Protein chains: 2
Amino acid sequence: MTSNKGIHEACFMKEKCLQYDTCPMVLVQNLLAGKRKILILWYLNYGTLRFNEIKGKMPDVTQKMLTQQLRSLEQDGLIYRNVYPVVPPKVEYGLTESGKRIIPILKMMHGFGAHYLEKNPDVDPQ
Amino acid sequence: MTSNKGIHEACFMKEKCLQYDTCPMVLVQNLLAGKRKILILWYLNYGTLRFNEIKGKMPDVTQKMLTQQLRSLEQDGLIYRNVYPVVPPKVEYGLTESGKRIIPILKMMHGFGAHYLEKNPDVDPQ
DNA sequence: TGCTATAGTATATAAAAAGATACTTAAAAT
DNA sequence: ATTTTAAGTATCTTTTTATATACTATAGCA
């Protein structure tokens, strides 16, 4: 019996998803799996934000972790980082074209979340 | 100066998102942040699947981790788990009503991922 | 002279996630 | 009597993630 490691028999879009290692859904899973990434993208859709502005919106994140998540999103091309050579430092983060294309998805997520919270009023989002 | 810990000045849907701890987006971030959750939901939309069927679609997941992710999704009410009292065991997983409501989001994600891969042919999804 | 501000880096430690491997269960098949 | 099967659990180790804390640079201000 031959190995069928990674074959996606069940994927909807068969032409794109015959194999695990070329599946767009696997990509998205990896792009968005981070613990803060969805939220960072969501906040940035409001407009560009400085480091401390993002930090201020997430009460429970450390500077180091936020830096890590931002760098990762930057490497994936979803956000850009613009450093102004001033003192004290000023660094602006914003969505790239690629990042902006995620926003409709995030809006649907928000709708889902709101509905979920209505149906489960006992649930704590955190 | 008073603390403004967790205030969401920048959220789109202000009436729902004035505070971090009641924000639907924070909820969704936490529901979907798991390393395999998006993929599991995606596969289950095809139809109910048995444990080993899901496992077979993810070449690099251990039994333990898959069990954990499934339990977590079950606790969050996105999937159900149906145990048949037979030997050897048979356990079926499927989407709940809540889980089905995520599918349109996943379909958009797939579209995004496919487009991203077209623009960045060098990227490895994994 | 020393203080403040911003966006970090450095280092050490703790906690959580993930992986590897072995074990379980009980019926049916060999 | 042994093997196979499906869906796990148990235990231990490694890796990743996260926290805490201290430190840096430099211009402007008091």
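All chains are named by letter (A, B, ...) in the order of the sequence lines, taking the proteins before the strands, and each is independently numbered beginning at 1. In this text, all values refer to a predicted model and were calculated from it rather than measured experimentally.
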- Query: Atom CG of B:Leu66 and atom P of D:dT9: how far apart are they, to the nearest Å?
  - Reply: 11 Å

- Mind calculating the distance between CD (B:Glu53) and C1' (D:dG8) to the nearest angstrom? 16 Å

- Name the closest nucleotide to the B:Arg50 side chain, picking from C:dA20, C:dT6, D:dA7. D:dA7

- Message: Please compare A:Lys64 and A:Pro88 by the position of their nearest nucleotide in DNA chain D and report the one closer to 5'.
- Response: A:Lys64

- Taking the side chain of B:Arg81 as heavy atoms from C-beta outward, which of D:dT9, D:dA7, D:dT26 is closest to it? D:dA7

- Under 4.0 Å between a side-chain N or O of B:Lys55 and OP1 or OP2 of D:dG8? no

- Would you kindly compare A:Arg36 and B:Thr67 by the position of their nearest DNA chain D nucleotide and give the one closer to the 5′ end? B:Thr67

- With a 4.5 Å heavy-atom cut-off, do A:Arg81 and A:Val91 have their side chains touching? yes

- Query: How long is the line joining CD of A:Gln63 and C1' of C:dA10, in whole Å?
  - Reply: 12 Å

- Check whether any side-chain N or O of B:Tyr93 sits under 4.0 Å from OP1 or OP2 of D:dA6, and answer yes or no. no

- Item | Value in whole Å for how far the P atom of D:dT26 lies from NZ of A:Lys90 | 20 Å

- Query: In whole angstrom, what separates A:Gln68's CD from C:dA10's P?
  - Reply: 13 Å

- Message: Check B:Lys100 with B:Glu97, please: is the shortest side-chain N to carboxylate O separation under 4.0 Å?
- Response: yes

- Query: If you check the B:Val91 side chain, which of D:dT17, C:dA7, D:dA7 turns out closest?
  - Reply: D:dA7

- Message: Testing the 3.5 Å rule here: is there a donor-acceptor pair between the side chains of A:Ser72 and A:Lys37?
- Response: yes

- Task: Mind checking A:Tyr84 for me? I need base, sugar-phosphate or nothing, with any heavy atom below 4.0 Å counting as a touch.
- Result: nothing

- Item | Parallel, tilted or perpendicular: ring planes of B:Phe51 versus B:Tyr93, cut at 30 and 60 degrees | tilted

- Query: Could you state the CD1-P distance from B:Ile54 to D:dA6, rounded to the nearest angstrom?
  - Reply: 14 Å

- Is any side-chain N of the basic residue among B:Lys35 and B:Asp60 closer than 4.0 Å to the acidic one's carboxylate O? no

- A:Arg71 CZ to C:dA7 C1': how many Å, rounded? 9 Å

- Message: Rounded to whole Å, how long is the line connecting atom CG of A:Asp60 with atom P of D:dT17?
- Response: 17 Å

